[in-house]
**Student:** 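Dropping a structure here in structure tokens format, bear with me for questions.
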Amino acid sequence: LPLRSMSGHADLLVPETVNLDSTVSTQAYRVGMQADGHEVDLQAAWTLPLQQGVSLVNGVLVRNDPDNIRGATPEGVLATRIDIRF
């Protein structure tokens, strides 16, 4: 299941540059953790028998507001598999 944070923040120390004496300069950032969207995942799968011992398996996954980001581009995955049994 997707992780959904309802509130809070994260304090990050991000490296930005490497100085001539090989020391690393960092910058502190505070990032809000509250999600502004609500991810919805829809999944479906079905099997189509083609002949004795052979079937075609199809599946689809659609994500709306992926990673709980409002207005994020929806994502989708289609999958097909052929099962052959001897």
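For clarity, every value in this text was computed on a predicted model and none was experimentally measured.
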**Student:** For Ser25 and Asn19: C-alpha separation, side-chain torsions, deciding distance, then whether side-chain contact (heavy atoms from CB on, under 4.5 Å) applies.
**Tutor:** CA-CA 7 Å; Ser25 297; Asn19 301 319; 3.1 Å; yes
**Student:** Ignoring hydrogens and angles, tell me if any N or O in the side chain of Asp21 forms a donor-acceptor pair with the backbone of Thr23 under 3.5 Å.
**Tutor:**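 Yes: the side chain of Asp21 pairs with the backbone of Thr23.
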**Student:** Hey, is the main chain of Gly71 close enough, under 3.5 Å, to the side chain of Asp65 for a donor-acceptor pair?
**Tutor:**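 Present.
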**Student:** Taking a hydrophobic cluster as the set of Ile, Leu, Val, Met, Phe, Trp and Tyr residues connected by side-chain heavy atoms closer than 4.5 Å, whether directly or through intermediates, do Leu78 and Val57 fall within one such cluster?
**Tutor:** no
**Student:** Restricting to non-hydrogen atoms, name the atom on Pro66 and the atom on Pro74 that form the minimum distance, rounded to 0.1 Å.
**Tutor:**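 Answer, listing the atom of Pro66 first, then Pro74: CD-CA, 4.4 Å.
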**Student:** In Å, rounded to the nearest 0.5 Å, how long is the span from CD of Gln43 to CZ of Arg63?
**Tutor:**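 So the CD of Gln43 and the CZ of Arg63 are separated by 10.5 Å.
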**Student:** Can you list, by chain and residue number, the hydrophobic cluster partners of Leu61 when the side-chain cut-off is 4.5 Å?
**Tutor:** Val77
**Student:** Given the rule that I, L, V, M, F, W and Y join up when any side-chain heavy atoms are under 4.5 Å apart, are Leu56 and Ile84 in one cluster?
**Tutor:** yes
**Student:** Rounded to the nearest 0.5 Å, what separation is found between the CG atom of Asn64 and the CG atom of Asp41?
**Tutor:** 9.0 Å
**Student:** More than 12 heavy atoms of other residues, nucleotides or ligands under 6.0 Å from CG of Leu48: yes or no?
**Tutor:**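 Count over threshold, so yes.
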**Student:** Quick one, Val60 and Val62 - any side-chain contact, counting heavy atoms below 4.5 Å?
**Tutor:**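 Side chain of Val60 against side chain of Val62, heavy atoms only: contact under 4.5 Å found.
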**Student:** Same cluster for Val24 and Val14 if Ile/Leu/Val/Met/Phe/Trp/Tyr side chains link at under 4.5 Å?
**Tutor:** no
**Student:** Can you establish whether the number of heavy atoms outside Gln52 located under 6.0 Å from its atom CD is more than 12?
**Tutor:**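 No, because the 6.0 Å sphere around CD of Gln52 holds 12 heavy atoms or fewer from other groups.
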**Student:** Is the shortest distance from a Lys or Arg side-chain nitrogen in Arg30 or Asp11 to a carboxylate oxygen in the other one below 4.0 Å?
**Tutor:**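 Asp11 and Arg30: salt-bridged.
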